[in-house]
Structure formats: C-alpha cells, structure tokens
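In what follows, a structure is listed as structure tokens, so that the remarks can point back to it.
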Amino acid sequence: MDIEEVNKLKNLIIKAAKEYHDKDISQEDIRADSSLSSLGLDSLDAVEILLLIESSFDIDLSSIKDFQATETFSDFCSLIENARQENSQ
C-alpha cells in the first residue's frame, strides 16, 4: 500500500473511533503495531471498519477467510493487499 492508502485507512479508523465512541485519535496515534483495543475500539468496531474498507477501497472481503485474525493496523493493511490479490485472480 502506498502512503496515500495508508492515510486513507487511518482516516477510516479515526472515523470509526469518533462515530462509535466519540473518541478522538490522530493519525500519529496509529502505528503499524497498534491494535484496535489499544485505540479504544472493539470487535464490533472491527466489523464496521471492514465494511468501510470494502466500500472505500472498492474490494470484496467475503472471500477472505482470515479476517477474524485482524488485530493490528498492519493486519488491516495486509488484509487489503490479500483481498486485492484474491479479487484479481
């Protein structure tokens, strides 16, 4: 993922934190090893973020089997890359 896409993903997480928990986090708060729980988000937020990822990145995550293992920001980046590979085949 390029830096523009990384920032886009960070903004989706920031949006979820604000909308669902009225929690303000910044892009600087989100590091590769940041877990959703360390950002004050939970598994329900993960589902919402996955839906936002699908629409914002125009990818289909329904064929991805390991999305439940998505815990860190880096995992979300990998999930997007894997979905792109799956969808292009």
Side-chain angles (χ1 to χ4, degrees):
M1 291 178 60
D2 63 29
I3 191 69
E4 185 176 309
E5 291 178 317
V6 168
N7 288 334
K8 183 177 181 178
L9 179 55
K10 286 182 178 184
N11 287 332
L12 292 177
I13 293 171
I14 291 167
K15 178 182 177 181
K18 184 67 175 170
E19 278 188 31
Y20 307 124
H21 297 285
D22 198 30
K23 182 170 177 65
D24 291 319
I25 58 174
S26 69
Q27 286 197 359
E28 293 77 30
D29 294 328
I30 304 172
R31 299 180 321 273
D33 63 344
S34 294
S35 66
L36 290 182
S37 61
S38 73
L39 298 170
L41 303 172
D42 58 29
S43 59
L44 292 176
D45 298 316
V47 172
E48 292 295 332
I49 291 168
L50 291 172
L51 294 174
L52 290 170
I53 287 171
E54 279 191 316
S55 62
S56 296
F57 286 87
D58 194 31
I59 56 175
D60 179 15
L61 297 176
S62 63
S63 64
I64 303 298
K65 294 170 180 49
D66 62 349
F67 72 89
Q68 293 176 339
T70 307
E71 295 180 14
T72 65
F73 181 76
S74 180
D75 293 339
F76 278 98
C77 293
S78 296
L79 183 74
I80 292 168
E81 290 298 319
N82 292 341
R84 285 182 173 154
Q85 289 176 1
E86 287 275 325
N87 293 331
S88 68
Q89 294 178 358

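Starting from 1, each residue takes its place in the sequence as its number. This is a predicted model, so every value here is computed, not measured.
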Apply side-chain contact (heavy atoms from CB on, under 4.5 Å) to the pair F57 and L52, showing each step before the final yes or no. CA-CA 8 Å; F57 286 87; L52 290 170; over 6 Å; no
Only counting residues at least two apart or in another chain, list the ones meeting side chain to side chain contact (heavy atoms under 4.5 Å, CB included) with [X].
{"X": "D75", "result": "T70, E71, T72"}
{"X": "S78", "result": "none"}
{"X": "D24", "result": "K18"}
{"X": "Q27", "result": "N7, K10, N11, I14"}

Measure across A16 and I49 and return the closest heavy-atom pair with its distance rounded to 0.1 Å.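 Residues A16 and I49, closest heavy atoms: CB-CG1, 3.8 Å.
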Distance-minimising heavy-atom pair for L39 and D29: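 Looking at all heavy atoms of both residues, the shortest contact is CD2-O, 3.7 Å.
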So which pairs with a foot in residues 30-44 pass salt bridge (charged side-chain N to carboxylate O under 4.0 Å, His left out), sequence neighbours left out?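 Counting only pairs at least two positions apart or across chains, the salt bridge (charged side-chain N to carboxylate O under 4.0 Å, His left out) contacts touching residues 30-44 are R31-D33.
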Which pairs with one or both residues in residues 48-58 pass side chain to side chain donor-acceptor pair (under 3.5 Å), sequence neighbours excluded?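 Qualifying pairs: Y20-E48.
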Test applied, side-chain contact (heavy atoms from CB on, under 4.5 Å); reference residue, I25; option that passes from H21, K23, E28: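 Passing option: K23.
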By side chain to side chain donor-acceptor pair (under 3.5 Å), which residues pair with [X], not counting sequence neighbours?
{"X": "E5", "result": "R84"}
{"X": "S37", "result": "S35"}
{"X": "E4", "result": "none"}

So, taking the atom named [atom1] in [X] and the one named [atom2] in [Y], what distance separates them when rounded to the nearest 0.5 Å?
{"X": "L36", "Y": "D45", "atom1": "CG", "atom2": "CG", "value": "7.5 Å"}
{"X": "L12", "Y": "F76", "atom1": "CG", "atom2": "CZ", "value": "10.0 Å"}
{"X": "I80", "Y": "I53", "atom1": "CD1", "atom2": "CD1", "value": "4.5 Å"}

